[in-house]
Number of protein chains: 2
Amino acid sequence: MQALDTLDKAGYRRGGARRAVVELLGRQNCCLSAQEIFDGLRKARRPVGIASVYRALDALVDLRLVKRVDAGDGIARFEPMSADGEHHHHLVCRDCGKVEAFSDPRLERAIDRVAGGLGYSVDEHEVVLTGACADCA
Amino acid sequence: MQALDTLDKAGYRRGGARRAVVELLGRQNCCLSAQEIFDGLRKARRPVGIASVYRALDALVDLRLVKRVDAGDGIARFEPMSADGEHHHHLVCRDCGKVEAFSDPRLERAIDRVAGGLGYSVDEHEVVLTGACADCA
DNA sequence: GTTCCTGCAAAATTTTTGCATCAGT
DNA sequence: ACTGATGCAAAAATTTTGCAGGAAC
């Protein structure tokens, strides 16, 4: 896996909790909370302390291997930064709290264009749309 | 103030803590955390319990008078939804944590277009760009 | 007078840290 | 062996809730 190599290069050791978190996240296509990662690992018979989950996420976010997503409910979620450049954003239902992904190339272009003219070296972005989903509306 | 009328119509009573929060936020142009609001009110000799600050923010967010902004540092921030339709998004420095505003009409258009085609009734959106600010880069 | 609002303190939730132990190099 | 990583439990930080007293209508 790409991400494990990057961790190597950054001086992190292999094996153990961090690897389990990386591998679980690698199998996801959308975001999970720290608690969901904790539960997922326990269900997969690879239990990891919740503190290690947070420490792993911290390192992964620093290395830009994982992106933090705040859906506005006070729970931080995390998803892999896919190596293949795939890129999506999030749609949150105000009623039921559901979080879904969407993507749009024109939106990406608009963001890239804006990001270039702000005096910041922008290396990440996130768009969250909030409203009522089809079921709740 | 516009917002106080909306609160009236929603059945909220005037006077007291909620009003103080509304008025303080009305004077801001960018986002403040609950603690900053609490401190700001205390400094203005209009102390309000922190629980009341949170309760007021909750009501204001429900009524869409205030927008919640998550800058990715685990602290929820809040800013007024300006009645004049002014609209901005946020730029967060990964190093120093500074949060700044920016706006771009073309980005707004791109978002509106995307939002219309997703099967959600989208009524709010937020864009957060993350990177290194001019000072930190 | 009734109902809603407020502040305080206590509780709940999410995240971080200290420390002894264990694993990778 | 040495150094970093892990798990547990305790702590910290943020947000929510219960309740008694006070304010608005």
Side-chain angles (χ1 to χ4, degrees), chain A residues 3-25 31-42 44-63 65-66 68-78 97 99, chain B residues 3-25 31-42 44-63 65-66 68-78 97 99:
Chain A
L4 290 173
D5 293 346
T6 308
L7 284 168
D8 275 353
K9 277 176 210 144
Y12 291 104
R13 293 178 176 177
R14 287 204 174 222
R18 188 156 36 226
R19 174 174 209 134
V21 171
V22 170
E23 290 178 346
L24 177 69
L25 273 177
C31 49
L32 294 180
S33 67
Q35 190 64 51
E36 286 168 339
I37 294 168
F38 176 82
D39 292 344
L41 290 171
R42 208 157 48 100
R45 301 289 188 74
R46 181 56 188 91
V48 161
I50 188 77
S52 299
V53 172
Y54 278 107
R55 281 187 280 234
L57 290 171
D58 214 44
L60 293 164
V61 168
D62 271 6
L63 292 170
L65 294 171
V66 162
R68 174 184 168 130
V69 175
D70 289 292
D73 58 359
I75 298 174
R77 284 158 222 264
F78 301 87
V99 178
Chain B
L4 290 172
D5 293 345
T6 307
L7 283 168
D8 276 353
K9 279 177 208 142
Y12 290 104
R13 290 178 179 177
R14 284 201 177 226
R18 187 157 37 225
R19 173 176 209 130
V21 171
V22 170
E23 290 177 348
L24 176 68
L25 273 177
C31 48
L32 294 180
S33 67
Q35 190 63 50
E36 286 168 341
I37 294 168
F38 176 83
D39 293 343
L41 289 171
R42 209 157 48 102
R45 301 287 188 77
R46 179 59 187 88
V48 161
I50 188 77
S52 297
V53 172
Y54 278 107
R55 281 187 281 235
L57 290 171
D58 214 44
L60 293 165
V61 168
D62 270 5
L63 293 170
L65 295 171
V66 162
R68 175 185 167 127
V69 175
D70 289 292
D73 59 358
I75 298 173
R77 284 156 221 263
F78 300 87
V99 177

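What you see is a predicted model, and the numbers here were worked out from it, not measured in a lab.
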Student: Taking atom C1' of C/dT15 as reference, at what distance in whole Å does atom CG of A/D70 sit?
Tutor: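 In whole Å, C/dT15 C1' lies 13 Å from A/D70 CG.
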Student: D/dT6 C1' sits how many Å from A/L41 CG, rounded?
Tutor: 13 Å
Student: Does any non-hydrogen side-chain atom of B/V48 lie less than 4.5 Å from one of B/R46?
Tutor: yes
Student: Does B/R13 reach the main-chain N or O of B/D8 with its side chain, forming a donor-acceptor pair under 3.5 Å?
Tutor: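 No, because the side chain of B/R13 does not come within donor-acceptor range (under 3.5 Å) of the backbone of B/D8.
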Student: Between the protein and nucleotides 23-25 of chain D, which nitrogen or oxygen pairs come in under 3.5 angstrom?
Tutor:
| unit_1 | atom_1 | unit_2 | atom_2 | d |
| --- | --- | --- | --- | --- |
| D/dA24 | N3 | B/R13 | NH1 | 3.0 |
| D/dC25 | OP1 | B/R14 | N | 3.3 |

Student: Nearest whole angstrom, please: distance from the P of D/dA13 to the CD of B/E36.
Tutor: 16 Å
Student: Under 3.5 Å, is there an N or O donor on one side and an acceptor on the other linking the side chain of A/R18 and the base of D/dG4?
Tutor: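 By the distance-only test, no, there is no pair.
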Student: Could you work out which one of C/dT17, D/dG7, C/dC8 sits closest to the side chain of B/R55?
Tutor: C/dC8
Student: Is the closest side-chain heavy-atom distance between A/L65 and A/L7 below 4.5 Å?
Tutor: yes
Student: How sharply is the helix from C/dG1-D/dC25 to C/dT25-D/dA1 bent, taking the axes over five pairs at either end and rounding to 10 degrees?
Tutor: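 Rounded value for the end-axis angle: 30°.
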Student: In Å, rounded to the nearest 0.5 Å, how long is the span from CD1 of B/I37 to CG of B/L25?
Tutor: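 One finds 4.5 Å between CD1 of B/I37 and CG of B/L25.
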Student: Look up atom CG in A/D58 and atom OG in A/S52, then write down how far apart they are to the nearest 0.5 Å.
Tutor: 12.0 Å
Student: Considering every strand and a 4.0 Å limit on heavy-atom distances, what is the contact class for A/A51: base, sugar-phosphate, or nothing?
Tutor: base
Student: From A/L63 CG over to A/T6 OG1, what is the distance, rounded to the nearest 0.5 angstrom?
Tutor: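 The distance works out to 7.5 Å.
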Student: Whole Å only: how far is the CG atom of B/L57 from the P atom of C/dT6?
Tutor: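 Value for this atom pair: 12 Å.
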Student: If I take atom OG from residue A/S33 and atom CG from residue A/L57, how far apart are they, to the nearest 0.5 angstrom?
Tutor: 9.5 Å
Student: Measure the spacing between CZ of B/F38 and CG of B/L32 and express it to the nearest 0.5 Å.
Tutor: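 B/F38 CZ to B/L32 CG: 14.5 Å, rounded to 0.5 Å.
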Student: When the nearest nucleotide of DNA chain D is assigned to A/R19 and to B/A34 on a heavy-atom basis, which residue is associated with the more 5' position?
Tutor: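 Going by which nucleotide is closer to the 5' end, it is A/R19.
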Student: Distance check, rounded to the nearest 0.5 Å: A/R14 atom CZ versus A/L4 atom CG?
Tutor: 5.0 Å
Student: Write down the distance between CD1 (A/I75) and C1' (D/dT15), rounded to a whole number of angstrom.
Tutor: 12 Å
Student: Could you tell me the separation between the CZ atom of B/F38 and the P atom of C/dT6, rounded to a whole number of Å?
Tutor: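 To the nearest whole Å, that distance equals 15 Å.
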Student: Rounded to whole angstrom units, what separation is found between the CG atom of A/L60 and the P atom of D/dA5?
Tutor: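 Rounded to whole Å, this separation is 12 Å.
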Student: At less than 4.0 Å, is any side-chain N or O atom of B/Y54 found next to OP1 or OP2 of D/dT16? Yes or no.
Tutor: no
Student: What is the distance, to the nearest angstrom, from the CG atom on B/D58 to the P atom on C/dT6?
Tutor: 13 Å
